[in-house]
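Below is one structure, written out as structure tokens; the observations come after it.
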Amino acid sequence: MAHSATAAPILGTNADGSASAESARGLLLTVLGEFARPGDSVAWTQTLVTLLGGLGVKDKAVRQALSRMERPDWLERRRQGRSVRWVLGDELSDQLEGGGSRIYRFGQERTEWDGSWLLIVPGGQATDRGTEFRLARALRWIGCGPAHRGMWVCPWMDRQPAVIDALNVHGLGADTGVSLFQSRLVGHGTHTDLVSGAWDLDSLSDQYGMFLNRFEDVDGATLGTFEAAVELVELVHQWRKFPLMDPELPEELLPADWAGHRAAELFASNRSALLPRATQWWVEAEA
């Protein structure tokens with residue numbers, strides 16, 4: 001079936017405007033999380049090629065991304081005649097479910113803050129740069145920010161179990177000297193100073209502004225099913241970066257009229273409007 005949708009702008013492109021390998025993989029994970037995992041956890045190659053083509057990803061890049069993701073418990077290839085069916089493994093399904101839950105809930109609730117900070121103090125054990133990068137990404141996903149001399153802070157004490165899990169996964173258990181504290185600011189400095197040192201709220205506000213500009217005029221009711229599917233994938237793909245950037249600070253620590261609140265409302269309303277028609281296209285393409 002031919003489609004005439006204009007390719008939407010995507011995150012991460014090569015000089016010729018095509019998707020980079022990392023962007024192709026990221027978009028593929030978004031598609032699988034939005035459509036395959038909530039359905040029967042399978043997808044035809046051609047369905048994926050068609051949908052990602054609407055986002056500017058070339059056929060070859062899609063197939064390469066699929067091949068690189070093929071491994072036990074992740075993504076399994078099953079050939080049916082000349083066609084290939086991809087089946088989500090348990091590990092990938094669990095990751096997509098956990099990530100999706102965080103992405104969909106992000107920014108949708110506001111919690112009262114008791115003024116406490118979770119402080120993560122490094123131990124003496126040296127780690128390689130790869131481990132440091134992966135741990136930093138995990139801590140940012142939880143809502144932590146880098147403070148002074150390798151310390152990390154988070155305004156939400158209830159995220160302590162997630163922090164402990166992240167430390168253990170990256171080989172930084174209790175025996176490595178890493179310490180967690182519940183802390184309160186009692187003088188010599190302000191919460192504003194602590195926030196500005198750990199997060200760049202001006203840059204984050206600009207990112208939210210670009211998200212609002214991109215999606216605030218989208219009318220899901222006027223789009224065809226394929227166009228709705230393309231728009232939904234880009235909406236979720238653009239939104240999924242914010243849990244890594246935004247710690248969901250308490251209201252007391254945010255600037256007035258915080259753009260993140262408007263962006264979260266827009267994300268939820270647009271996804272709700274796009275999902276039925278986008279799912280219709282997916283079901284018909286997979287039939």
>> As a quick check of understanding, evaluate side chain to side chain donor-acceptor pair (under 3.5 Å) for Asp90 and Ser93, giving each step before the final call.
In response: CA-CA 5 Å; Asp90 291 341; Ser93 292; 5.5 Å; no

Please enumerate all residues that pass side chain to side chain contact (heavy atoms under 4.5 Å, CB included) together with [X], with sequence neighbours excluded.
X: Pro255; result: Leu201, Trp258
X: Pro146; result: Arg140, Trp152
X: Ala264; result: Gln108, Trp239
X: Asp59; result: Val49, Arg63

Do the non-hydrogen side-chain atoms of [X] and [Y] ever get within less than 4.5 Å of each other?
X: Leu75; Y: Leu88; answer: yes
X: Thr47; Y: Leu51; answer: no
X: Asp246; Y: Lys241; answer: no
X: Val121; Y: Val178; answer: no
X: Ile120; Y: Phe181; answer: no
X: Phe211; Y: Leu235; answer: yes
X: Arg25; Y: Met69; answer: yes
X: Ile103; Y: Phe242; answer: no

>> Determine whether Leu48 and Leu66 satisfy the following criterion, side chain to side chain contact (heavy atoms under 4.5 Å, CB included), listing intermediate values before the conclusion.
In response: CA-CA 10 Å; Leu48 299 171; Leu66 285 166; 3.8 Å; yes

What about [X] and [Y], same hydrophobic cluster or not, with Ile/Leu/Val/Met/Phe/Trp/Tyr joined at side-chain heavy-atom distances under 4.5 Å?
X: Val62; Y: Val87; answer: no
X: Val42; Y: Leu96; answer: no
X: Leu194; Y: Trp113; answer: yes
X: Leu249; Y: Leu185; answer: no

> Can you list the other members of the hydrophobic cluster that holds Met210, where links are side-chain heavy atoms under 4.5 angstrom apart?
Replying inline: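 Cluster partners of Met210: none, it stands alone.
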
[X] and [Y]: which non-hydrogen atoms are nearest, and at how many Å?
X: Gly54; Y: Val230; answer: O-CG1, 3.6 Å
X: Ala147; Y: Val153; answer: CB-CG1, 4.0 Å
X: Met151; Y: Pro122; answer: CG-CD, 3.8 Å
X: Leu28; Y: Ala65; answer: CD2-CB, 4.0 Å
X: Ala24; Y: Val57; answer: CB-CG1, 3.9 Å
X: Ser205; Y: Ala259; answer: OG-CB, 4.2 Å

Atom [atom1] of [X] and atom [atom2] of [Y]: how far apart are they, to the nearest 0.5 Å?
X: Glu227; Y: Thr222; atom1: CD; atom2: OG1; answer: 9.5 Å
X: Arg77; Y: Thr45; atom1: CZ; atom2: OG1; answer: 7.0 Å
X: Leu139; Y: Leu244; atom1: CG; atom2: CG; answer: 11.0 Å
X: Gln207; Y: Leu212; atom1: CD; atom2: CG; answer: 11.5 Å

Please check: side-chain N/O of [X] versus main-chain N/O of [Y], any donor-acceptor pairing under 3.5 Å?
X: Thr279; Y: Leu275; value: yes
X: Ser101; Y: Gly98; value: no
X: Thr30; Y: Gly26; value: yes

> Between Ser203 and Asp206, is any side-chain donor less than 3.5 angstrom from a side-chain acceptor?
Replying inline: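 Side chains of Ser203 and Asp206: no pair found under 3.5 Å.
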
Which pairs with one or both residues in [range] pass salt bridge (Lys or Arg N to Asp or Glu O under 4.0 Å), sequence neighbours excluded?
range: residues 34-55; result: Glu34-Arg271
range: residues 105-115; result: Arg110-Glu251
range: residues 273-287; result: Arg85-Glu286

>> Between Phe267 and Phe106, is the ring centroid distance below 6.0 Å?
In response: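 Ring-ring flag for Phe267/Phe106: false, centres at least 6.0 Å apart.
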
Scan the side chains in residues 154-169 for donor-acceptor partners under 3.5 Å anywhere in the protein, sequence neighbours excluded, and list what turns up.
{"from": "Trp156", "atom 1": "NE1", "to": "Glu248", "atom 2": "O", "distance (Å)": "2.9"}
{"from": "Arg159", "atom 1": "NH1", "to": "Ile142", "atom 2": "O", "distance (Å)": "2.6"}
{"from": "Arg159", "atom 1": "NH2", "to": "Glu248", "atom 2": "OE1", "distance (Å)": "3.2"}
{"from": "Asn168", "atom 1": "ND2", "to": "Ile164", "atom 2": "O", "distance (Å)": "3.3"}

>> Run the side chain to side chain donor-acceptor pair (under 3.5 Å) test against Glu76 and tell me which residues pass, sequence neighbours left out.
In response: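 Testing Glu76 for side chain to side chain donor-acceptor pair (under 3.5 Å), a comparison that skips the adjacent residues, returns Arg78.
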
>> I need the full list of ring-ring contact (aromatic ring centres under 6.0 Å, His included) pairs touching residues 29-85, with sequence neighbours left out, sorted by first then second residue.
In response: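 Applying ring-ring contact (aromatic ring centres under 6.0 Å, His included) to every pair that reaches into residues 29-85, excluding sequence neighbours, yields Phe35-Trp282.
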
> Tell me, which pairs form a ring-ring contact (aromatic ring centres under 6.0 Å, His included) where one or both residues lie in residues 129-149, sequence neighbours left out?
Replying inline: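 For residues 129-149: none.
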
>> If the test is side chain to side chain contact (heavy atoms under 4.5 Å, CB included), which one of Val218, Asn213, Asp217 qualifies with Phe215?
In response: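 It is Val218, the one option of Val218, Asn213, Asp217 that forms the side chain to side chain contact (heavy atoms under 4.5 Å, CB included) with Phe215.
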
> Under 6.0 Å from the CZ atom of Arg137, do we count more than 12 heavy atoms belonging to anything else shown?
Replying inline: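 Count not over threshold, so no.
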
> Passes side chain to side chain contact (heavy atoms under 4.5 Å, CB included), Met245 versus Trp199? Steps please.
Replying inline: CA-CA 8 Å; Met245 302 167 61; Trp199 297 280; over 6 Å; no

> Between Gln280 and Thr225, does a side chain to side chain donor-acceptor pair (under 3.5 Å) hold up when you go through it step by step?
Replying inline: CA-CA 7 Å; Gln280 179 184 343; Thr225 57; 5.4 Å; no

>> Show, in sequence, the C-alpha distance, side-chain angles and deciding distance for Arg262 and Tyr208, and conclude whether the side chain to side chain contact (heavy atoms under 4.5 Å, CB included) test is met.
In response: CA-CA 9 Å; Arg262 301 196 305 277; Tyr208 277 128; over 6 Å; no

> Taking NZ, NE, NH1 and NH2 as the nitrogens, is one of them in Arg214 or Glu231 under 4.0 Å from a carboxylate oxygen of the other?
Replying inline: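 Answer for the salt bridge query: yes.
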
